[in-house]
Each structure stands twice: as structure tokens, then as C-alpha cells.
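A short worksheet on the structure shown next.
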Amino acid sequence: MGGPFNAAGHDMVNELLSGVRLRGLDYRRIEISTPYGLRFGEDVDDGRAWFHFIGQGNVHLRTKSGAVHVLGCGDAVLLPCAGIHDLYSEDGVALRSVDTFEKAPLCDAASEIRACEADVCRSKDNLIFSCAMEFDLGWLHPLAHLKPELMHIETVPDHDPQIPAILDVMTAELRAKRPGYGVILTRLADVVAAAILRRWVEAGCDVCGWVEAVRDPKLARLLAALHKEPGRNWSVADMASEMGMSRSVFAERFVELTKATPQQYLTNLRMRLASQWIGRDNLSLDEVADRLGYASVAAFSRAFKRTTGMSPGAVRRADYAL
């Protein structure tokens, strides 16, 4: 585990997290009597994340690898690349796709599934709030291969003391079903999922030298400068000067910590920014090319396709399709 982030490191982590895309797409409140078995992810892109919060009862979670985790009331988990996975009350139960249940709308983004036995006390039912999420690590893409199968809420409250109160509110909203609770739950789920992700960035992925880069004060300042001025005509000599090192020592240190050459890192940074500006922010290609220091839209488009394998127009169309 590395040491605490310095001031430049904190600024850099803020910048990195600002590029992450974690957006709920399909929220569901599930109230169900035991025994039951629910299968998730059959009709969703395998690359999607899933968030599950347990508001009442104990639940078994079986991930796509076959690992089983027991979750209790107040537990929240984020599966970054979930694939097909199961929530069930006990071993041996039949599994049914969650998509086959009848759903009642709660708000624009959320719905409710009720599968309750009439002769069972409602306090014995399980309450679950789940959602599929669009998940793009943004600037954290070098860490993609380190994403754990399961990110758990358990270590977050020690570092984010407000989280237990949020979880308590989620539990209360799930149970009470007050007017507007669907909207409230979707917002709170987004906050909790983001807190889980932040804790992973701060601690869970310390084994990666790339994260250790932002613990190096000089390199953190350089990375922050690159992110602040991506369109500047940076040379390796400029970057080495920013860190107060010779060009050769700087290049070796940079590759050691980030697993990319300085120019590769800068190019990837520019193209991820371009993807965000084109897709999310709907900027014109002229403005994007100008911001990133390209002499023409044609030059930018060639660089973009060479790096990403897609044309800028294809990125815009893909984002509109979501």
C-alpha cells in the first residue's frame, strides 16, 4: 500500500475521477418473498456494471466467476464488469431472469418488481435496489485490467463518514415507499456507487505503479499540467523540465510508473478528452481540434481514428444511441 496522496496527488485524483463515467441506466426496487433466485445480466452488455443494495434480509450473490458472497441489510456492492450473476435466498433454488418479472414504473428511470406471497409477513420479504450502470473508467483506463470482480461498501464508511447515513436513508426509503422515493433512491444509489469507486482508486488499486505516479509530487504536478493544458505543444524535453530531470531519466521514470511513454500518455489523454467533448458535450470538431492543438480538423480526425480505431463521427453517433 502506498502512502497518503500529497496535495498535487489529490488534485490529480480529482481530475482522474472527473473523467469516470458511472451512470445508472435501469433502476429497480425488488420486493420478493423467499425462496427465490434472480438472474441478472442476461440481456445487458457484459461490459456493464451492476449496483446492488440490500434494504432488508440476507442475500447470496454469485458472481460470474462462481464466487459466492453473503450480503446483509445495509450492504451495497458494485460489480464493475458484472456479466451474468445471481442474487438468491438460499442454495438450490431455481433461478429466473429478473427481466421476466412484471415491472411497475416508479419514475422515468426506475421501476418496481413485486413477487410477494400473500400469506407471508412482509417483514420476511427481501428488499433489493439494483441497477445496471454504464461504466467507463475515463482517465483511469490503465487500471481497467485491475478492476476487481466485486467492489464492496465495507471499507468506505471509514473514509467517508457520511455514507452510513446515506445507506440508512436508502433503507428507510425502500421500506416506507414515501412519495417520490424512486427518484431519491436513484440519486442515492449513484452517490454510493461513486463512493465505492473512489475508495478503490484511493486504496484498492495501490498495487499499480500508475496510481503510485500520483503519489510522486513531481510527476503528479506534471500529470496535472498535461491534463490542464492538453493542447500545448508538449515535447519530452518540456515535460522533463517540468519535473526538473534530464530527458533520459524522466522518460525512464515516466514509463516505469505509468506503463506508457510520455507521448503515448499525452496522445491517449487528448483522445479521451476528445471522446468526452464530442460524445457527452456535443462540441464541434473544429472546437475540439483547436482545444487539442491540431492545425486542422482533418489532422485531428486522422489522429483520433489512428488512436481509437473509430472516427469522431462514430463516437458522436454511439453516444446519441445510449
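What you see is a predicted model, and the numbers here were worked out from it, not measured in a lab. Side chains are part of it too, since the values below use all heavy atoms of this structure and drop only hydrogens, waters and symmetry mates.
- Within 6.0 Å of NZ on Lys124 lie no more than 12 heavy atoms contributed by other residues, nucleotides or ligands.
- In this structure, Glu173 does not pair ionically with Arg175, as no charged nitrogen and carboxylate oxygen lie closer than 4.0 Å.
- Residues Val98 and Arg39 have side chains not in contact (no heavy-atom distance under 4.5 Å, counting atoms from C-beta outward).
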Practice item. For side-chain contact (heavy atoms from CB on, under 4.5 Å), just list the numbers for Ile163 and Ile153, CA-CA rounded to whole Å, side-chain angles, deciding distance to a tenth of an Å, and then say yes or no. Key: CA-CA 9 Å; Ile163 291 299; Ile153 193 67; 3.8 Å; yes
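- Residues His69 and His85 keep their aromatic ring centres 6.0 Å or farther apart.
- Shortest non-hydrogen contact noted between Ser33 and Cys116 is OG-CA, 3.2 Å.
- Within the model, atoms CG of Leu219 and CG of Leu226 stand 9.0 Å from one another, a figure rounded to the nearest 0.5 Å.
- No continuous path of ILVMFWY side-chain contacts below 4.5 Å connects Phe101 to Leu95, so the two sit in separate hydrophobic clusters.
- A 4.5 Å side-chain heavy-atom check between Arg114 and Glu112 finds at least one atom pair inside the cut-off.
- Atom CG of Leu150 sits about 7.5 Å away from atom CG of Leu71, to the nearest 0.5 Å.
- Every residue two or more places apart in sequence or in another chain that forms a side-chain hydrogen bond (donor to acceptor under 3.5 Å, both in side chains) with Tyr36 is listed here: Asn126.
- With contacts defined as side-chain heavy-atom distances shorter than 4.5 Å, the pair Lys103/Asp26 qualifies.
- Side-chain atoms of Ser241 and Asp238 include no donor-acceptor pair closer than 3.5 Å.
- Listed for the Glu149 side chain is a donor-acceptor partner under 3.5 Å among the backbone atoms of Ser65.
- In terms of heavy-atom proximity, Cys73 sits nearest to Asn58 at N-OD1, 4.5 Å.
- Residues Val183 and Tyr181 fall into different hydrophobic clusters, defined by Ile, Leu, Val, Met, Phe, Trp and Tyr side chains chained together at heavy-atom separations under 4.5 Å.
- Side-chain heavy atoms closer than 4.5 Å link hydrophobic residues (I, L, V, M, F, W, Y) into clusters, and following such links, even through other members, never connects Ile54 to Val68.
- Annotation: the span from Leu61 atom CG to His152 atom NE2 amounts to 9.0 Å, rounded to 0.5 Å.
- Across Arg29 and Leu174, no two heavy atoms sit closer than the pair NH2-O, 2.6 Å.
- Counting non-hydrogen atoms of neighbouring residues, nucleotides and ligands closer than 6.0 angstrom, the CD atom of Glu102 reaches no more than 12 such neighbours.
- A distance-only check finds a donor-acceptor pair linking the side chain of Gln264 to the backbone of Thr261 [under 3.5 Å].
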Check your understanding: Is there a side-chain contact (heavy atoms from CB on, under 4.5 Å) between Leu292 and Phe300 once you walk through the steps?
Key -> CA-CA 8 Å; Leu292 294 179; Phe300 160 69; 4.1 Å; yes
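- Between the side chain of Trp277 and the backbone N or O of Ser284 there is no donor-acceptor pair closer than 3.5 Å.
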Exercise for review: Dump the intermediate steps for side-chain contact (heavy atoms from CB on, under 4.5 Å) on Tyr294 and Ser301, then the final yes or no.
Suggested key: CA-CA 9 Å; Tyr294 287 91; Ser301 296; over 6 Å; no
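- Side chain of Arg48 to main chain of Ala82: no donor-acceptor pair is present (N/O by atom type, distance under 3.5 Å, no hydrogens or angles).
- To the nearest 0.5 Å, atom CD1 of residue Ile128 and atom CG of residue Leu87 are 5.0 Å apart.
- Using a 4.0 Å cut-off between charged nitrogen and carboxylate oxygen, Asp99 and Arg28 count as a salt-bridge pair.
- Taken from CG in Leu273 to CG in Asn268, the straight-line distance is 11.0 Å, to the nearest 0.5 Å.
- Exactly one of Tyr27, Phe129, Phe40 qualifies for a ring-ring contact (aromatic ring centres under 6.0 Å, His included) with Trp50. That residue is Phe40.
- Glu242 places none of its side-chain heavy atoms less than 4.5 Å from the side chain of Phe250.
- Although no hydrogens or angles enter the test, the distance criterion places a donor-acceptor pair under 3.5 Å between the side chain of Arg96 and the main chain of Thr100.
- Residue Ile30 comes nearest to Ser130 through the heavy atom pair CD1-OG, 4.4 Å, listed as atom of the first residue, atom of the second, then distance.
- The side-chain hydrogen bond (donor to acceptor under 3.5 Å, both in side chains) search around Glu287 returns Arg291, not counting sequence neighbours.
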**Study point:** Verdict with supporting geometry, Val236 and Gln263, side-chain contact (heavy atoms from CB on, under 4.5 Å)
**Key:** CA-CA 7 Å; Val236 174; Gln263 290 298 343; 4.0 Å; yes
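- The heavy-atom pair separating Pro80 from Met151 by the smallest distance is CG-CE, 3.5 Å.
- Hydrophobic clustering (side-chain heavy atoms under 4.5 Å, transitive across Ile, Leu, Val, Met, Phe, Trp, Tyr) keeps Val255 apart from Val249.
- Across Leu167 and Gly74, no two heavy atoms sit closer than the pair CD1-O, 3.7 Å.
- The line from NZ of Lys64 to CD1 of Ile84 is 10.0 Å long, rounded to the nearest 0.5 Å.
- Ring geometry for Tyr265 versus Phe254: interplanar angle over 60°, hence perpendicular rather than tilted (30 to 60°).
- Residues Met245 and Leu266 are members of one and the same hydrophobic cluster, defined by side-chain heavy-atom contacts under 4.5 angstrom among Ile, Leu, Val, Met, Phe, Trp and Tyr.
- Under the 4.5 Å side-chain criterion, counting only non-hydrogen atoms from C-beta, Leu38 is in contact with Ile32.
- Proximity of Leu79 to Phe51: side-chain heavy atoms (C-beta onward) are nowhere separated by under 4.5 Å.
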